[in-house]
Amino acid sequence: MAVGWCYDSVSPDGCKRSPGTCQLRHDITKCSCGLVLDICNYEPHIHGKRHQHIVAGTQRPVSKRGKAGPKLKQCPHCSPSREFLENELEAHVVTHTVQERLATTLNEAQRNKNGIEVSNLTGLDFGIVDEDEQLPVVVEMLVQRTSGDDSGAPISLTKLRMLSSQRQDEHGVKFSVTITPASKFIRSARPHKVSVTFHPSYAGRFEDTLELVFINIVKRHRFVIQRQVFATVGCRADHEHLAPKAPYTRRKRRNIKLDGPIKRSLRPPTWTPTKFSKLPQFNVPKNLIQAVYTEKGYVKRSAKQDVKRFMPSSFTISKYAQHFQTMLYLEEEQKKQDLDAYSMEGVEIKADYPRYKLKVEGLSEGRPSVLIGDYILVRPVGQPDKAWFEGRVHNVAMEHVSLRFSDDFNTYRGTKFDVRFVLNRLPCRRAHQALVNKNDLARLLFPGPEHLISARPVSRDVLKELVPFNRSLGNNPEQLETVAAIVHQPRGSVPFIVFGPPGTGKTVTIVEAMRQILQRHPDAHILACTPSNESADLIAQGLMHLGPMNIFRLNAMSRKLSRLPLTLQPYSLINGNGTFAMPILEDVLRRRVVVCTCISAGALTGLGVKRGHFGWIFIDEAGQATEPDTMVPIKGLADEYTNVILAGDPEQLTPTVTSRLARDLGLVESYLVRLMKRPCYGLEPWNANGSGGGWGVTVVELLQNFRSHPGILAFSNAQFYRNRLRACGDPMLTRSFENWDELPTKKFPIIFHAVVGRDQREKSSPSYFNIDEATLVKKYCLRLVEKKGTRAEHIAIITPYHAQKMKILELFRKDHKLKDVSVGSVEEFQGQERRIVIISTVRSNSDFIASDIRRSLGFVASPRRFNVAMTRAQALLIIVGNSDVLALDPVWRSFMNYVHDHGGWRGHRMSWDPLDNVNDYVEHVKRRAAGEAEETLTRLKALVVGVSEAGGVLPSLDSDDDDDEIDGGLGDGLVIQEVD
C-alpha cells in the first residue's frame with residue numbers, strides 16, 4: 001500500500017529495491033526547474049507559467065511541501081502594504097510617483113489663478129439626464145477678471161477646448177463648448193459666458209475636461225485653468241431612490257480585549273434537548289497564532305515561511321490529519337480576526353423581555369455573519385476587567401438580532417455597551433474531529449491501482465436490464481451508464497466520481513442512482529450531503545415521493561426556517577418557536593435516506609450513528625467543499641464496506657477559504673479535484689480526452705447539456721470543456737427567445753450591454769453597487785415580462801456584490817410585476833437554471849494607472865464564477881457591465897469578442913481590436929494609461945512656460961477686441977461663433 005513518495009525514484013539510478021518490495025510511490029518525476037511532480041502533471045507543468053517563471057529566475061521553486069517561496073518585497077507606499085516580485089516592484093513604485101505628480105498637476109490646473117476666475121470650482125455636473133429625452137443639455141459659467149488683480153496687464157484667452165476631442169478643438173466626444181463674446185481679451189467690466197453642451201445618447205456616465213488656455217501679454221506668461229465635466233444618462237428617479245444613504249467610510253478596526261469573566265447565557269427551553277457525544281474543543285495552538293499574527297491582529301511579513309514548520313514534511317496517511325489541521329487552524333483564526341473587526345463600542349441594547357434587541361449594521365450583508373444559536377458578548381462601557389455577559393442569538397432579522405442573557409443581566413434606558421461577536425466554532429471542531437479519528441481507509445484517502453482489482457466497467461447486459469424511474473434518462477446512455485456503474489459497484493470500492501459540467505443532469509443522475517439502490521437493497525441506508533443547504537434541498541425534493549417516513553431533511557439549528565422550501569417542511573424537524581431541531585437517534589436510524597450539509601453530518605456522529613450504518617454516502621457539488629468538510633461524513637460515518645460517490649465539476653465554484661495562507665497551502669483544493677489528479681482516475685479528465693485509465697470504472701463524465709441554447713453554451717464549452725459538451729436541450733425552450741425584438745441580432749440570444757457606470761459604496765459596507773446598471777437591469781426585466789408567455793419567475797439576476805443585489809431588489813419592490821424575479825450571487829445560483837439570466841458585473845473603476853489593475857475587477861475576475869454565471873441561462877443571456885474594465889480579464893475579453901463577433905453588442909462601443917491577443921491587453925492598458933499620464937504632465941508643463949520661451953506669438957495689443965476671435969484649435973483655423 002503506497003503511503004508516501006520514494007525519492008530514490010527521482011535519482012539518476014532510480015529506486016534499487018526489488019520490484020514489488022518498495023511500498024512507496026514511483027509515479028513521480030523531477031522537473032528541470034527543480035520541482036518534484038506527479039507524472040500525470042508533468043506535461044501541463046512544463047508548458048505552464050510557473051515553470052517558465054522558475055526557469056527565468058523570477059520565482060524560486062515551491063514544492064508541495066513548501067520549502068521555498070517567491071522572492072517578494074513590500075511596496076513602501078501601499079496601505080495596507082502589498083508585496084511584489086523583485087522585478088515588478090520598481091515598476092509598481094513608479095506608478096505611485098506618476099499618480100502623485102499627476103494629482104498635484106491636475107489640482108493646480110483646477111485652481112483659479114493670475115487674476116482670472118472661472119465661476120465653477122467643483123466641475124460642471126449635468127446630473128442625471130433622462131435616457132428617453134435625448135435632447136442637448138446646456139450648462140453655463142462665467143470667465144472674468146477678479147477685483148483683486150491690480151496688475152492691469154491684458155490677459156488673452158487663446159484656446160478653449162474639450163480634451164476628448166479627436167481634433168483638439170471645442171467639439172468633444174459628447175460635449176461641446178461656446179463662448180460669448182468671442183473676444184480674446186478678458187476684462188473686469190466684461191465677463192465672458194461659457195456654455196457647455198452635453199449631447200446624450202446611450203445610457204451611462206460621461207466625463208470630459210474643459211480646458212482654457214490664457215496668456216498674460218505683459219509678463220509673456222501662459223497658464224491653464226481646467227474644469228471637469230460630468231453627465232449621466234439614466235433614470236433620475238432611480239438615482240434619487242438608490243443614492244448612497246451616507247458616504248462610505250472604511251470600518252474602523254476595533255481591538256476590544258476579551259478580559260474579565262464571562263457570565264453564560266440560558267439555552268432556550270423550546271430548543272431540542274437532544275444529547276450529543278462530547279466534541280473536543282480543538283483550540284488553535286497559541287504558538288501558531290504567534291508565528292502568523294502580530295499583536296494587533298495583522299499577518300506578519302514572515303508568516304508564509306514561519307507557518308511551514310507547522311506542516312508535516314510529507315502528505316501521507318499518517319500525516320493526513322496534521323496536514324489539514326494546520327490549514328484549518330489558520331482558516332479559523334482568520335475568521336476570528338475578521339469577526340473581531342466588527343466589534344462595536346457605545347451601542348444601545350433595547351429590552352424586549354425576556355429577550356433584548358441589538359441593532360447590527362451590515363447584518364443583511366453577512367458583515368458580520370450572525371446565525372441563530374451564535375453567541376454575542378456585551379459589557380457596559382467604561383468597565384474594563386468586569387464581567388462580559390454572553391447573549392445567545394434566538395432570532396436574526398434584517399438589521400437586529402434577538403438575544404437571551406442569563407437572569408442576572410439587566411439594562412435600563414441610556415446604558416451603552418461594548419459588543420464582541422463570537423465565532424461559531426462548531427463547523428471547525430467537527431472537521432477536526434473527522435480528521436483525527438482513526439478511520440484512515442487508504443482506498444478513500446489515497447486510492448491507487450491496488451484498490452481496483454475487482455473494478456470493472458458495466459456491461460451492456462447490465463445496462464439493458466436497468467429500468468429508470470425517471471423516464472427522461474431512458475434516452476441518455478451517459479446517465480444510464482453512470483447510474484448502472486454506481487448501483488453495481490462492489491461494496492468497499494474506491495470513491496466513484498460523476499463529473500458533471502453545467503446542465504448535464506448531474507443531480508438528476510445521482511438521485512436516480514439512490515432510487516435504484518433503495519429498490520435493489522431493502523435494508524439500504526443512504527446519506528446524501530452537499531456543501532450548501534440549497535443544493536441539499538434540491539436532492540431532498542428529488543426524493544420526496546418516498547415520503548417523510550423514509551426521507552429526512554436534517555437542518556442545522558442555525559438555519560432560518562424561511563430558507564427551507566415549504567414542500568420540505570414535512571421532511572424536517574421543526575420546533576414550536578420556528579427553529580430547526582435535532583432528531584433523536586432512533587428517528588435517524590429508521591429513515592432510509594438522510595439529506596444534510598457536509599458539516600451537519602457531524603451531528604449524526606454526535607448522536608451516535610455508527611460507522612457503516614450508511615452503505616452509500618453521496619456528496620453532490622463536491623468541488624465546492626474543502627477536503628476537511630468532506631471528511632466529516634466520509635471519515636466520520638464510512639466503514640470498509642461503504643461506497644462513496646462524489647458528484648461535481650472542477651471548473652465551477654471552488655471552496656470558500658478566507659485565509660490567504662490556508663489557500664496557498666492547498667485548502668482551496670477540494671477532495672474531488674485531488675482525487676481526479678490521481679492515476680487511477682485518469683489524466684485530469686476535464687482537460688484530457690476522456691481516455692484515462694479510470695474512465696467508466698472510477699469516473700464518468702456527462703457530456704450532454706440539456707439546459708442551454710447552443711449559442712449560450714458555445715463559449716464556456718470552448719473555454720472550459722474543450723468543446724466536448726453537446727447542446728441537447730429542448731428547442732421549444734432553448735430557442736424561445738431567438739426572435740425577441742430587443743436582440744441586436746436575431747437567432748443569437750446573447751446581449752452584452754456595455755455601460756460606463758459608476759460603482760459606489762455607502763456607510764461602512766465594502767460592497768459595491770452600480771445604479772446605472774441596476775436601472776438597465778430593471779428596464780430589461782420590464783420588457784421581458786411584457787413578452788407573451790414570460791413571467792417574472794422565469795428571470796434570474798446574478799450579481800457578484802450583495803449591495804447591488806439589495807439595490808436591485810429595492811427597484812423591484814416598486815413594481816409588482818417584478819416581485820418574483822430571483823436576485824442573488826453566483827454562489828446562490830450554482831446548480832440552478834432559469835429561462836432568462838441577466839448579469840450585472842457592477843465594477844466600473846477605470847483608474848488604469850495602478851499596477852495591479854486586476855483589482856478593479858474584484859470578484860468578477862474569477863474564471864469559475866464566470867463559468868457558473870454564464871451557464872445558468874436556458875434561452876436568453878444578458879450581461880450589463882463596463883466593457884473597458886471587464887476587458888482587463890482575458891476570459892471576459894474573449895467572451896466579449898465572441899458576443900461582438902456574433903452581433904450581440906449594444907451600448908458603449910468596444911475600445912479595443914477584437915483581433916488583438918487577449919493575454920497582452922493588460923500590459924497594453926497599463927502602458928497606455930501611464931503614457932497618457934506622462935503626456936498630460938508634459939503638455940500641462942509646456943502650457944505654463946513663458947510664451948517667448950515656447951515660441952508662441954502674442955496677439956496684437958492694438959487690435960479691436962471685438963474683432964479678435966478665440967482660436968478653437970491648434971492651427972486648423974476653427975473659430976467659435978458668438979452666441980446671442
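Keep in mind that this is a model prediction, so the values were computed, not measured.
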Check: Phe748 ring centroid to Tyr898 ring centroid under 6.0 Å: yes
Mutual orientation of the aromatic rings belonging to Phe126 and Phe198 [parallel < 30°, tilted 30-60°, perpendicular > 60°]: tilted
Ser201 side chain to Lys174 side chain, donor-acceptor N/O pair below 3.5 angstrom: yes
Of all pairs that satisfy salt bridge (Lys or Arg N to Asp or Glu O under 4.0 Å), the ones with a partner from residues 772-782, not counting sequence neighbours: Glu131-Lys779, Asp238-Lys778
Nearest-0.5 Å distance, CZ of residue Arg865 to CD1 of residue Ile798: 12.0 Å
Residue Arg783 excluded, over 12 heavy atoms near CZ under 6.0 Å: yes
Stacked cation flag Lys807 on Phe769, 6.0 angstrom / 45 deg: yes
For Gln144 against Pro191, the heavy-atom pair lying closest together: CB-CB, 3.7 Å
Distance-minimising heavy-atom pair for Asn770 and Val842: ND2-O, 2.9 Å
Residue list, ring-ring contact (aromatic ring centres under 6.0 Å, His included) with His900, at least two apart or on another chain: Trp905
Heavy-atom closest pair, residues Ser195 and Val138: CB-CG1, 3.9 Å
Close side-chain approach of Gln228 to Leu124, heavy-atom, < 4.5 Å: no
Side-chain donor-acceptor pair present, Tyr780, His753, cut-off under 3.5 Å: yes
Listed once per pair and sorted, the salt bridge (Lys or Arg N to Asp or Glu O under 4.0 Å) pairs that draw on residues 897-908, sequence neighbours left out: Glu742-Arg906
Residues Asp759, Arg843: salt bridge by 4.0 Å N-O rule: yes
Phe895 ring center within less than 6.0 Å of Phe866 ring center: yes
Asp884/Trp912 under side-chain hydrogen bond (donor to acceptor under 3.5 Å, both in side chains): CA gap, chis, key distance, verdict: CA-CA 9 Å; Asp884 292 342; Trp912 66 89; over 6 Å; no
